[in-house]
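Here is the structure we will look at, set down as structure tokens.
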Amino acid sequence: MNLKKWFNIRESLQMLTDADSSSDRYRLFQRNIRVLMIVLTIVPLSMMALINYHQYQSSLKKEMIDPTKLLVSKTRHSFEFFLKERQSLIKSISYFYSLNDLCDEQKLNHILFILKKEFIGFVDLGLINGSDGTQMCYVGPYNLLGKNYANQDWFQEVMLKGTYISDVFMGYRKFPHIAIAVQRLEENGESWILRTTIDTTMFDNLIAAMGLDAESDAFILNKEGIFQTNSRLYGEVLEKFPIKIPSGGHATYVVEKPDPSGNDVFLAYTHLTYPEYTLVIVKPKSTVLKTWYALKSDLFLVFMVSSILIVIVVFRLTGVMVNRIKEADHNREVAFRELQHHHKLSSIGRLAAGVAHEINNPLAIINEKAGLIKDLIEYTPDFAQKEKFSTLVVAVLQSVNRCKTITHRLLGFAKRMEVEIENLDLNELLLEVLGFLEKEALYRNVDIRLELAEDLPRIDSDRGQLQQVFLNILNNAMAAVKDEGRIAITTWEKDANTIAASIRDNGCGMSEATCHKIFEPFFTTKKEQGTGLGLSITYGIVKKLGGDIDVESKENEGTAFKIFLPKKSIV
Amino acid sequence: MDRMKILLVDDEHEFVTTLGERLELRNMNVSIAMDGESALGFIENDPPQVVVLDLMMPGLSGLKVLEKIKAMDPKIQVILLTGHGATKDGIRGMQLGAFDYLIKPIDIDELIIKLNEAAKKMG
């Protein structure tokens, strides 16, 4: 509805060409162009920014998360390897030695000694009877000889699966430990179990080896979500991790969750194959996406700056453009008016010439008839009222003379329409032109000073055109001076080929900028009154006649025009 | 001194007769022709000292008549008269050997001066 009309550029362009010259249509046109240009530039820019935003977001997220995932799975393998190694070691011992060897406390102690020396973390070593679950032999810091394990879960499990790795528990000297147990089945059907305790310093070392930054945290959980290692942020060993980790699967997963203190964190976790531990890395979202946030603000900044730039440029550009159009429209109007004016002038000129010619013939007859009457009166001796007749006829002759002046001037006016080179005296021409301005000069008390060179050579030029030139410049001078101002007209012979005339006034003058522009078509300082063509026509005429025109002006001091004309016509 | 012999050529009867009368009053021997042909015929029979010739006439134009007069006797002086401001014709006339040219209406005293000058040139 209205909106469509509002944006209809074609319609507003149409409006521009309409005769209605309210400044409103330019404003409307300008507004529509601005809105259109801004929409056309900002919309794709915003779309680009949005697409970039999402693209960057997803790819950056990936780039931040993938290394973490890799780290998690690497560390998981380290853990698995560490536990597997310990487990294999115990298993190997159970096979290398016979039950009798291991029941020898001295020998068992020797084995523990070697294990302690070669591997980190071994604390004790014990042998348990497979059939009744009693500790048959033990070396280590506790006195566990004779203890029965038959009812314990781990005992059941090791009897069932052959191996067992425990969760972390607080053991010797309140250090966290794990226990590893393996079952050995003798060929005769008897079974026994070799069990060792390992402190978990190595777990901490493995986690430290991940080389995490200060804001991040990594730890091991058992399947109930109990810390198996210390967490820097969420609790000590054997405490419960407050966030529920989904179970199942052995791949590496990344989830986003709020932590207990309300910060958004990324949890990267993986489940170990055996035992059922879960390795977790916690990274605050802000750390992970730090580069993304930086990029995001950069992106936003670029977007804002370019948007602002676009708006500024669009505004200035359309401003300039619409002004140009306005100017062009105005110039076109002026040119059109000028053309009409010119047409009018030339038809008036032709008409005037015709009328003048037609009137001149009867005028000549009146002149002769009246002249004859005057002659007769003069040649006849005195008669009644001779004096009166004489006065009357002289008045008639005077009126004829006045008519003659008018018709001659009309003929002169018509003549100005065409280029005609004749031999003329510039001084005489200047005086003629001054005749047009005498009245005004008199009324306004303008002092017109003549310094005309007495022996100024005659030149071949166009009288009518030169009249126009000097009339124009003198009119401008009259407009520039105040009442009781001064205009000086000087002529001189410049060189062998050129004569010159200067017209100098003490009027308002012009700025340098104006001075540069006065010969340009359509430049005017008279606003609505001027067409801006006077001096450009003057310039054109002088150039056409092979001459040159020069202007000097100082604001508030006055203006001087100098016109140089060739003695011989070049036309 | 002999009376100056003048031929006035103009198609405007009222103008030419009145002007002739005025010049007669000033002691000149004035003849009148109303068109180019009769003017040329007159000059052939009785050549004047000065011809006052209108440029715009029906039939033979002023410039043509001027050319013929000059061809007949270049010593005869011709003063051109015109009601039109076309300077072109004036210049052309001067180039063809006219003594001077005046725009109507003319001042009688000015004409007398020109006539005297022309007659003096004729000798």
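Lettering follows sequence order; numbering is per chain, from 1.
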With a 4.5 angstrom heavy-atom cut-off, is it the side chain or the backbone of B/Ile106 that approaches chain A, or both, or neither?
both

Taking side chain as everything from C-beta outward and backbone as N, CA, C, O, which of these in B/Glu12 sits under 4.5 Å from a heavy atom of chain A? Side chain, backbone, both or neither.
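Interface part for B/Glu12: side chain.
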
Does [atom1] belonging to [X] count more than 12 external heavy atoms closer than 6.0 Å?
X        : atom1 : value
B/Arg26  : CZ    : yes
A/Lys567 : NZ    : yes
A/Phe383 : CZ    : yes

Give the interface residues of residues 384-391 of chain A toward chain B, defined by a heavy-atom separation under 4.5 Å.
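Contacts with chain B: none.
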
Hey, which residues of residues 361-380 of chain A are touching chain B, say heavy atoms under 4.5 Å apart?
A/Asn361, A/Leu363, A/Ala364, A/Ile365, A/Asn367, A/Glu368, A/Lys369, A/Gly371, A/Leu372, A/Asp375, A/Leu376, A/Tyr379

